[in-house]
Enquirer: 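Sharing a structure below in structure tokens format, with a few things to ask.
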Amino acid sequence: MKITRQDVEQVALLSRLEIAGGEAEKFTGQLNAIFGYIDMLNKVDTEGVEPTAHVLPLKNVMRPDEVRASLPREEALANAPAREDGFFKVPKILEG
Amino acid sequence: MDYEIVIGLEVHTELKTRSKIFCGCSTTFGAEQNTNVCPVCLGLPGVLPVLNAKVLEFAVRTGLALNCRILPFSKFDRKNYYYPDLPKNFQTSQYDLPIAVDGHLDIEVNGEARRIGITRVHMEEDAGKLVHAGTIAKSDYALVDYNRTGVPLLEIVSEPDIRSAEEAKAYLEKLKAILQYIDVSDCKMEEGSLRCDANISLRPRGESKFGTKAELKNLNSFKAVQKGLEYEALRQEQVLGEGGKIVQETRSWDDSRGVTVSLRSKEQAHDYRYFPEPDLVPIVVDPQWIEAIRRDLPELPDARQGRLVEQYGLSGYDAGVITASRAMADYFDGLVAAGAEAKAAANWLMGEVAKHLNASGQPVEECPVTAQALAELISLVDKGTISGKIAKTVFEEMWTSGKTAAAIVQEQGLIQISDAGEMVAIVERVIAANPQSVADYRAGKERAIGFLVGQVMKETKGRANPELVNRLLREHM
């Protein structure tokens, strides 16, 4: 798989990351090196091997439907950069 | 050109568990903002979500009720997107291995039966709620309440098998009925516990390839679903008719203006970069457990409708109206169990009871007249103690006062006069007072008797037995 500069810019946009001039080129090269390494795995014969859904040999870990105490609101909001009237306050959302 | 409408619906329904899907916070609707939150649903670092067993049970029950295949191996995935209603910046959902697939439900529109395919049913968590100060456009910030974050949801996706706005509404109504019958959700659209998005496209009739679709959001009521789809079908037809192209986009239904508007966003086409959720382990369901849930499924709307037709001789239409909600059907069964004759019970339920419930805006579960009390009233009519007309007055009084039918009849002296001796005097008086109508009747105008019956009813304040009055009038003229 070949990573293009457009791929890098697209992922950066989706991830809300700002890439300074020249960085896109650098990351494209680095990502291609990483993907090239991973590509070796594609050469392994996986015929008859179950796809891995999870790395732990566990299944069906569940809890009963019981209510437990929530956080006091003061604590829930303690790390919020801004708040108002018991709400988390966030910047304007819709643009244009 | 003649176009065919193609619609697929995505329905989200909140499950009525006590606690959230991955943590022990309460799911109570309407709590003070940000009081039902904890480190898990706030997405604080280092927490570990654990699946609520009830959510899996409800999901399997729903899958079975919708004729789906339950996947023996299922898992959760992360759906990545950035919006402040989602504190983790991803929604825990299911991607390639949902709990249930390949189902269907049957609807009937204008006498035509249609089978609508269900692509999949999957489990996921709900997002929080944004409150905007002023209008969305003008406000320069938003307030977030995370109480709803982590409330368990099922997403139920239909195949693009729906061919009209009316069918879409029928599908949604049937789906709601099934979810209520199997008791997994309250399905209150006004509280957001049932939400619907629609994909709609047009194609020339006879064409097998799909046209470009628009996704409709903000369909907050059954009426909005129908009206929004009707509008959007017309809009697309107009665009295509003028030689234009449909743009694949998300559009929002504006209920007050009755139009759909494009929601432009800087976000590129959906790219959620799903990947397996490493904090939750896979689900492997035991086939015996699935069969046990299947055995425990209650009688579903279609079967119940069939039973009412079969067992009580109701019309398919009447049985359909009564079984459209489980509470209504339970009320009907209550009436019959209390001794009411089935057809009379159906007429009362769809007539006076429905009328009063509509006027007061109450659900049938809160009907002030119980099935037992109404059955007693129906039996008073059956035995001839009171007339059908008086019974409506008595029902009115039962509704407001909560008294029994027998007590009201006793107190107000409403017992029907079925004694011929007592009636004869009144009949003779009416005949003497209305010579013109009597002459008309004798001249062969059958309709004149109706007027005279009415006069007797007026004299007796509706307490006369109409059959008796009819017979006596004919005998005395």
Side-chain angles (χ1 to χ4, degrees), chain A residues 1 3-19 31 35 38 41 49-96, chain B residues 17-19 22-28 32-39 41-42 44 50-56 73 75 80-84 87 89 97 128 130-133 136-137 139-146 263-268 271 273 276-278 280-285:
Chain A
M1 179 174 173
I3 302 289
T4 64
R5 191 194 158 113
Q6 281 74 35
D7 291 329
V8 173
E9 283 169 351
Q10 168 72 357
V11 171
L13 175 74
L14 290 171
S15 310
R16 306 290 189 273
L17 294 174
E18 200 176 342
I19 299 185
L31 281 167
F35 273 72
I38 294 170
L41 289 175
V49 178
E50 283 278 320
T52 304
H54 204 281
V55 294
L56 297 176
L58 288 172
K59 60 180 186 185
N60 299 341
V61 177
M62 282 179 254
R63 39 169 271 273
D65 181 24
E66 284 162 11
V67 174
R68 290 166 61 171
S70 295
L71 279 181
R73 186 158 72 191
E74 266 315 298
E75 274 184 49
L77 290 164
N79 291 328
R83 62 161 104 173
E84 186 175 302
D85 195 22
F87 290 99
F88 291 84
K89 188 172 171 181
V90 299
K92 180 181 170 112
I93 299 146
L94 284 183
E95 296 156 60
Chain B
T17 54
R18 284 189 283 270
S19 65
F22 299 125
C23 64
C25 287
S26 166
T27 55
T28 311
E32 281 265 306
Q33 57 268 27
N34 295 309
T35 52
N36 290 340
V37 293
C38 74
C41 57
L42 285 174
L44 300 188
V50 184
L51 178 62
N52 181 340
K54 202 80 191 166
V55 173
L56 178 63
F73 185 96
K75 70 176 171 64
N80 299 282
Y81 67 93
Y82 297 88
Y83 204 69
N89 286 341
L97 293 169
L130 294 178
V131 181
H132 297 273
I136 297 184
S139 168
D140 59 356
Y141 64 89
L143 301 175
V144 197
D145 173 10
Y146 287 124
L263 286 179
R264 287 193 195 82
S265 161
K266 285 189 177 170
E267 188 79 65
Q268 303 295 303
D271 183 355
R273 292 150 294 145
E277 165 59 85
L280 290 160
V281 297
I283 301 154
V284 180
V285 286

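By convention in this document, chain letters (A, B, ...) are assigned in the order of the sequence lines, proteins followed by strands, and residues within each chain are numbered from 1. Predicted model, so just to flag it, every value in this text is computed and none were measured.
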Enquirer: Check whether B:P282 gets within reach of chain A through its side chain, its backbone, both or neither, counting any heavy atom under 4.5 Å.
Expert: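 For B:P282, the contact with chain A is made by backbone and side chain together.
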Enquirer: Output the option from A:V67, A:D65, A:L77 having the highest count of non-hydrogen pairs under 4.5 Å with chain B.
Expert: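 Looking at each of A:V67, A:D65, A:L77 in turn, A:D65 comes out on top.
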Enquirer: With side chains defined as the heavy atoms from C-beta onward, is the minimum distance between A:S70 and B:V37 less than 4.5 Å?
Expert: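 When only atoms from C-beta onward are counted, B:V37 and A:S70 do not touch, as no gap falls below 4.5 Å.
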Enquirer: Just wondering, do B:E32 and A:R73 contact through their side chains at under 4.5 Å, heavy atoms?
Expert: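 A:R73 vs B:E32: side chains touch.
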Enquirer: Which answer fits B:P87, side chain, backbone, both or neither, if we ask what part of it has an atom under 4.5 Å from a heavy atom of chain A?
Expert: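 No part of it gets close to chain A.
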Enquirer: Do A:E66 and B:K54 sit within salt-bridge range, that is, some charged N less than 4.0 Å from a carboxylate O?
Expert: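 Salt bridge flag = no for B:K54 with A:E66.
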Enquirer: Below 4.5 Å from any heavy atom of chain A, which atoms of B:C23 appear? Answer side chain, backbone, both or neither.
Expert: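 Just the backbone, heavy atoms under 4.5 Å.
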Enquirer: Please walk me through it: do B:V50 and A:V61 pass side-chain contact (heavy atoms from CB on, under 4.5 Å)?
Expert: CA-CA 7 Å; B:V50 184; A:V61 177; 4.2 Å; yes
Enquirer: Would you say that A:D85 contacts B:Q33 through its side chain, given a criterion of any heavy-atom pair below 4.5 Å between the two side chains?
Expert: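 A:D85 vs B:Q33: side chains touch.
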Enquirer: Given a strict heavy-atom distance threshold of 4.5 Å, which part of A:N79 is in contact with chain B: side chain, backbone, both, or neither?
Expert: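 Nothing of A:N79, per the 4.5 Å heavy-atom cut-off to chain B.
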Enquirer: Mind checking whether A:F88 and A:P81 have side chains closer than 4.5 Å, heavy atoms only?
Expert: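 No, their side chains stay 4.5 Å or more apart.
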Enquirer: Could you look at B:L42 and say if it's the side chain, the backbone, both or neither that has a heavy atom under 4.5 Å from chain A?
Expert: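 Just its side chain gets close to chain A.
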Enquirer: Under a 4.5 Å cutoff for heavy-atom pairs, which residue among A:A82, A:A53, A:S15, A:A76 has the most contacts with chain B?
Expert: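 When all of A:A82, A:A53, A:S15, A:A76 are compared, A:S15 has the most.
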Enquirer: Which region of B:F22, side chain (C-beta onward) or backbone (N, CA, C, O), has a non-hydrogen atom less than 4.5 Å from a non-hydrogen atom of chain A, or is it both or neither?
Expert: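 Looking at B:F22, just its backbone touches chain A.
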Enquirer: With side-chain contact (heavy atoms from CB on, under 4.5 Å) as the test, would you mind laying out the steps for A:R68 and B:C38 before giving the verdict?
Expert: CA-CA 10 Å; A:R68 290 166 61 171; B:C38 74; over 6 Å; no
Enquirer: I'd like to verify something: which residue of B:S26, B:G128, B:P276, B:C41 has the highest number of heavy-atom pairs under 4.5 Å with chain A?
Expert: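 Top count of heavy-atom pairs under 4.5 Å with chain A: B:S26.
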Enquirer: Chain A heavy atoms under 4.5 Å from B:L56: which part of the residue, side chain, backbone, both or neither?
Expert: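 Contact with chain A is through the side chain of B:L56 alone.
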Enquirer: Could you have a look at B:V144, B:L44, B:L280 and say which one has the most heavy-atom pairs with chain A under 4.5 angstrom?
Expert: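 The candidate making the most pairs under 4.5 Å is B:V144.
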Enquirer: With the side chain counted from C-beta on, respond yes when A:R63 and B:N52 share a heavy-atom pair under 4.5 Å apart, and no when they do not.
Expert: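 Yes; the side chains approach each other to less than 4.5 Å.
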